[in-house]
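Written below as C-alpha cells is the structure these notes are about.
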Amino acid sequence: MIKKIIMIIIIIIVCFLYKIKNTLTSYLSFYFNKYLLKDKLKYPKHVAFIMDGNGRWATEKNMNRTHGHLMGSVNLLSIIYCCFLNGSDYLTFYAFSEENWKRPKKETDYIFEIIYKKLKFMSKLKEDMSFKIMIQGRRDRIPNKLLKLINLIEKNTQPNNKTIIIALDYSGRSEILHACKQLLKNNLEPTINNFTNYLYVANVPDPDLIIRTSGEKRMSDFLTWQHSYSELYFTDVKWPDFTVQELEKAIINYNTRQRRYGDIK
Ligand code: IPE
Ligand code: IPE
Ligand code: MG
C-alpha cells in the first residue's frame, strides 16, 4: 500500500515537473528569440487571421457559443493598432465563410450583428486613427442593414492608407470561379496578372503571414489563390484569448522563417 502511494506521488511530481519544464522552455525560447531579434523584429506587410475557436472558448466555460463571438471581437482593435503601428499595411480577418451558413440562424444572425456594431464603431474613429475598410466575399446574402453600412464605410474610408479587409461570406474557391467567369466574360487571356485583377479585392499583395487560432491546422477555403507563398502559423490559443502578446509570439516566429520562393538562399 505504502509503495503504491509513493508511486502515485512520484508520478504526480513527474507530471508537475514536466509541465513546468514545457512552460519554462517555451518562455525561455520566446524571450531568447525576442532578445536576439530585438531591433530587427519585422512585422509582415500583410497579415491574415483565421479567427477560430470562439464557440469552443464559450462552451468550455458553460456559456452560449454566441458569447464566444462577442468576446472574440474585444481584442480586435488592439491587434489592428499593434500591426499597423509596427509597419504592417494590410490586415485580413476571416469573419464568416460561405460554409458558415450551415450554422443555426440564431448564431449567424448574432455574428452579423456583432460585425455591424464593430463596423459602426470603427466608422466613428477619428481620422488619424482610421483605416481603409474593404469587404472580400459575396455581397448578395449579407443582411441589408449591414450591407448599407459596408457600402458607406468602403466609400468613406477609401482615402486612408492602412487597409483592413474583412472576409465575409467568403470562399476561396468561389473567388477563383468568380475571377475565371470575369476573364471569360471580358474575353481576356488567363494570365496571373489578368486573373488577380478580378479577385474580390484587387491591388492587395498576397498575405505574408496567415495566423490560425484554436489548434486547427487547415485553411478552410481561406485565400485559396493568395496563400500559395504565405507563411503559416498555428496556435492552440482560441481567438478570444488571442491578445497582443500572442500576436507578438507569432511575429517572432515569422521572423525566424526563411522565405525562399523556390530559390536556394
Ligand atoms: C470562429 O469561431 C468564428 C466563425 C467561424 C464565425 P467558431 O465559431 O468556428 O468556433 P469553434 O471553432 O466552433 O470553436
Ligand atoms: C473558418 O472557421 C471560418 C472563420 C474563421 C470565419 P470554421 O470554424 O468555419 O472552419 P472549420 O469548419 O473548422 O474548417
Ligand atoms: Mg471553428
Side-chain angles (χ1 to χ4, degrees), residues 46-80 83 90-122 133-143 145-147 149-150 164-176 178 199-201 204 207 209-227 230-243 246-247 250:
H46 184 173
V47 191
F49 298 88
I50 304 180
M51 310 182 281
D52 199 15
N54 293 349
R56 277 165 286 164
W57 183 91
T59 316
E60 271 170 15
K61 295 174 170 52
N62 291 324
M63 290 189 251
N64 197 298
R65 289 177 57 87
T66 49
H67 194 67
H69 296 307
L70 178 66
M71 295 312 284
S73 68
V74 172
N75 289 331
L76 266 177
L77 269 185
S78 56
I79 286 170
I80 291 172
C83 290
Y90 300 87
L91 301 176
T92 300
F93 294 94
Y94 203 1
F96 194 87
S97 76
E98 279 194 15
E99 301 302 324
N100 288 148
W101 286 112
K102 291 175 188 154
R103 298 183 181 203
K105 184 167 176 340
K106 202 173 151 234
E107 182 170 339
T108 57
D109 282 351
Y110 193 83
I111 292 171
F112 284 114
E113 192 56 34
I114 293 176
I115 297 172
Y116 179 85
K117 287 195 176 132
K118 214 73 210 173
L119 283 177
K120 191 94 194 157
F121 177 80
M122 286 183 187
I133 296 178
M134 290 156 92
I135 296 296
Q136 181 173 26
R138 282 178 62 163
R139 287 168 188 249
D140 53 315
R141 300 186 290 191
I142 307 278
K145 180 173 93 163
L146 177 58
L147 192 62
L149 179 66
I150 286 171
I164 301 274
I165 299 154
I166 301 167
L168 196 60
D169 200 359
Y170 177 82
S171 147
R173 287 182 175 182
S174 298
E175 184 180 34
I176 289 172
H178 165 84
L199 292 170
Y200 288 138
V201 290
V204 169
L209 170 66
I210 300 182
I211 298 174
R212 181 170 190 150
T213 55
S214 92
E216 309 298 352
K217 293 175 184 68
R218 54 176 171 264
M219 296 310 292
S220 302
D221 209 3
F222 187 46
L223 303 179
T224 311
W225 170 270
Q226 298 89 335
H227 82 239
S230 303
E231 295 295 326
L232 308 178
Y233 178 86
F234 299 103
T235 168
D236 287 339
V237 170
K238 297 184 180 66
W239 181 254
D241 288 332
F242 191 80
T243 53
E246 292 300 328
L247 170 70

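Atoms within a ligand are numbered from 1 in the order they appear, just like the ligands themselves.
Between Asn100 and ligand 2, a contact under 3.5 Å exists for at least one N or O pair.
Summary of contacts: the protein heavy atom closest to atom 14 (O) of ligand 2 is Ser220 OG, 2.6 Å. Protein heavy atom at the shortest distance from atom 8 (O) of ligand 2 is Asp52 OD1, 3.2 Å. Ranking the protein heavy atoms by distance from atom 6 (C) of ligand 1 puts Ala95 O, 3.4 Å first. Regarding atom 10 (O) of ligand 1, its nearest protein heavy-atom neighbour is Gly55 N, 2.9 Å.
Proximity of Gly53 to ligand 1 is established by a heavy-atom distance of less than 4.0 Å.
Within ligand 1, the atoms closer than 4.0 Å to a non-hydrogen atom of Ile111 are 6 (C), numbered from 1 in the order shown. Of all atoms in ligand 1, numbered sequentially from 1 with element shown, those under 4.0 Å from a heavy atom of Arg65 are 7 (P), 8 (O), 10 (O), 13 (O). Of all atoms in ligand 1, numbered sequentially from 1 with element shown, those under 4.0 Å from a heavy atom of His69 are 3 (C), 8 (O).
Between the side chains of Asn75 and Trp239, no donor-acceptor pair is found at a separation under 3.5 Å. Between the side chains of Arg138 and Ser174, no donor N or O sits under 3.5 Å from an acceptor N or O. Between the side chains of Gln136 and Thr92, no donor-acceptor pair is found at a separation under 3.5 Å.
At a 4.0 Å heavy-atom cut-off, ligand 2 touches Phe96 through the backbone alone. With a 4.0 Å heavy-atom cut-off, ligand 2 is reached by the side chain of Arg218 but not by its N, CA, C or O. Only the side chain of Arg212 comes within 4.0 Å of ligand 2, counting heavy atoms alone; its backbone N, CA, C and O stay farther away.
In terms of distance to the Mg ion (ligand 3), the nearest N, O or S atom of Asp52 is named OD1.
Taking the six-membered ring for Trp and the full ring otherwise, the centers of His227 and Phe222 sit at least 6.0 Å from each other.
Residues Lys145 and Glu113 are paired through a salt bridge, judged by an N-O separation under 4.0 Å between the basic side chain and the carboxylate.
Residue Arg103 holds the heavy atom nearest to atom 9 (O) of ligand 1 of all those in Arg56, Met51, Arg103, Lys238.
For the pair Trp101/Asp169, a side-chain contact is recorded, criterion being any heavy-atom separation below 4.5 Å from C-beta on. Between Ile210 and Met219, the closest side-chain pair of non-hydrogen atoms falls below 4.5 Å.
Between Tyr170 and Tyr200, the angle of the ring planes goes over 60°, which puts this pair in the perpendicular group of the 30/60° scheme.
Thr213 places no side-chain N or O within donor-acceptor distance of the main-chain N or O of Thr235, the cut-off being under 3.5 Å.
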